[in-house]
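Single-structure report; data block below.
Lettering follows sequence order; numbering is per chain, from 1.
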Number of protein chains: 2
Amino acid sequence: MSKTLLPPKRSRLEDVARQAGVSAQTVSRVLRKPGLVAEATRQRVQSVIDRLGYLPDLVASNLATSSTRMVAAIIPSLASSVFADTMQALSATLATNGYQLLIGDSNYSPEHEDELVQAMLGRRPDAIVLTGTSRSKKVRALLARAGVPVVETWNLTANPIDLCVGFSNHAAGFDIARYIFRRGYRRVAFIGRLRNDPRSEDRLRGFREGLRGHGMSSVRVIEVGDPASPEVGAAGIDELLRRYPDADAVFFGSDRLAIGGLLACVRRGIAVPERLAIVGFGDFEISSLTMPSLTTIAVPTWEIGSITGELVLARLAGREIPERIVDLGYRFIQRESA
Amino acid sequence: MSKTLLPPKRSRLEDVARQAGVSAQTVSRVLRKPGLVAEATRQRVQSVIDRLGYLPDLVASNLATSSTRMVAAIIPSLASSVFADTMQALSATLATNGYQLLIGDSNYSPEHEDELVQAMLGRRPDAIVLTGTSRSKKVRALLARAGVPVVETWNLTANPIDLCVGFSNHAAGFDIARYIFRRGYRRVAFIGRLRNDPRSEDRLRGFREGLRGHGMSSVRVIEVGDPASPEVGAAGIDELLRRYPDADAVFFGSDRLAIGGLLACVRRGIAVPERLAIVGFGDFEISSLTMPSLTTIAVPTWEIGSITGELVLARLAGREIPERIVDLGYRFIQRESA
DNA sequence: AGCGACAATGTGAACGCTAACATTTTTGCC
DNA sequence: GGCAAAAATGTTAGCGTTCACATTGTCGCT
């Protein structure tokens, strides 16, 4: 291939400068602070830039300015629609001020998250956004020392590393327990992931506590494995009916699972909610459309991203931040399934 | 805040070097080619690194080596599960060789895509991955001149900028037309996005061509707007029944829409497929679970990402690439809805 | 005409690292 | 013990920008 034989050798600031008969600094100014250069020179330089197709090297620029205009975010899974929503909102908010989002996927693994944090920090992001609030001491120290804004999202904590934007998964679980009790269900179950998903664990903890408050001490728990897919939710229903045929209500750790469970019930002729009530978590886009529709908790996925973005921008612009911890709450959505 | 008053001043290679009593270069070697330094020095240096919590500055490293170990990818939407799958696969594949993925979200806007390409190229990625095959001459030129591998994905083209990994959206639409004809449907419709979604357009084109081949020249087309959500699909069904009450089969441009349409039919008591047959596109994770389940086309979302990743890695390692155009095909999945 | 003020442009040095080469130390061998 | 080869370490220069400061040019005003 001729391509590899003739490396096209990108043009640099100096190449533009030479051809325009000015110094490199002037070219830099044309790009960055055009107001400081005479209109005639500006046009001359600009035309050379256009002709050469010159693109400033941000790597060099970043080194010189010690600012990368990148914000790193680490999420448990790219393919999970809720985090994708948050990332889209974050990305859009940051983009308004020229910041790029660098996304890392930890695949729900804490060890991998640690590595990612380290790898990301090496790239000198101007801020870093994390999912969840629980992480190793070592990583907390690393982050605290990085000297950039850190936002922990998707849950709340009393002592964030820096900033925190989310809602209380625990309280949501608690509320669901109360609702289920009030609706008269007494033999309740939980189907969801636990290992490596601290937020789901928090929901279950809140759920348990809520039930205990009403004198219901036992929860039938079915832990599911890695991809919290609808298929896994359907399998969860089957396991539930096998192991605890007496169950009359089930709380799924996520709507992705719940939808699978709900559709499985429809297919197997199990009346929802008469024979088995179902509550989900997350209010996915189809949760309102199934028949029966899914009772669930709506989570401010988009807002988490946009508020996080605004906090980060505020910090980077040196503005004061009123609250280090932002509780965006959640909404209980009563529909047909429970 | 004391934080802003005392910038913690990160340690550099030289700080480590001084404290360990060696030169900066030796520290660099400890990190990069530990085999080249004596075990005793290695340990001494390493302990200083640990004590100081030194993290190499990749920005500087990138400038020095003129390689960023970043691959840029531009997708139409982060929140679309299919592209998210592709990105997860790509990210995972690249991660095995220490490459980071930089994702840009064009929000289905060609102009925004152009800007993004430019912004991304400024960051000097080692490769760039695009969604789709149609773009402006200017951007094609920019990319060709960037001197890095370029992969166009999610569709096929006879003359890619560089590499191409995807399947034929046109052929898929064609196949669906044939299937629909064979099943005896004669008054067919299409519901989907067209503007700013060239791949969806390709599907419709293939669909039209396929129908024409069987003597069916008219397709009832309902174009839908921006978020191709299930709700929009449901609204599409309502519009279809209003405008073309005689339609007996509908092809949705994506499963996300189709699922919404399907559930709307269920809710309105419209028998699927007896009264109205439905075919989707994309085989989303719940498409097999609805009742009736959705007849659709399965698209190699994951493979597009992983194969793209492998091609990129091969190129970057200087390995020969057998085929510049990789057709991963698709699978027609017959289920209950048509 | 001459002065100061401001606008426009230029000149080093620095950002933190690594490639390439140079030097020193160690090792094996007769 | 002395020598060459190999191993370990050090030195210099640069990657492509921007910052801080220095210089030159322009203009209005007395």
Using atom [atom1] of [X] as one end and atom [atom2] of [N] as the other, report the distance to the nearest whole Å.
X	N	atom1	atom2	result
B:R12	C:dC17	CZ	P	8 Å
B:L58	D:dC15	CG	P	20 Å
A:L63	D:dC15	CG	P	13 Å
A:D57	D:dG16	CG	P	7 Å

Hey, is the side chain of [X] poking within less than 4.0 Å of OP1 or OP2 on [N], counting only N and O atoms?
X	N	answer
A:S61	D:dT17	no
A:R29	C:dT9	no
A:S66	C:dG16	no
A:S28	D:dT18	yes

**OP:** Select one nucleotide: of D:dT18, C:dG10, C:dT9, the one nearest the side-chain heavy atoms of A:R32.
**Re:**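 Of all the options, the side chain of A:R32 is nearest to D:dT18.
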Original post:
Picking from D:dT17, C:dA19, D:dA8, which would you name as closest to the side chain of B:A38?
Top reply: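 Among the listed nucleotides, the one closest to the side chain of B:A38 is D:dA8.
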Original post:
Salt-bridged, A:R10 to A:D57, with N to O below 4.0 Å?
Top reply: no
Original post:
Side chains of A:Q19 and A:D15: do they bring a donor and an acceptor to under 3.5 Å?
Top reply: no
**OP:** With heavy atoms under 4.0 Å as the rule, sort B:V22 into base, sugar-phosphate or nothing.
**Re:** sugar-phosphate
**OP:** Flag yes if more than 12 heavy atoms outside B:E39 fall under 6.0 Å of its CD atom; otherwise flag no.
**Re:** yes
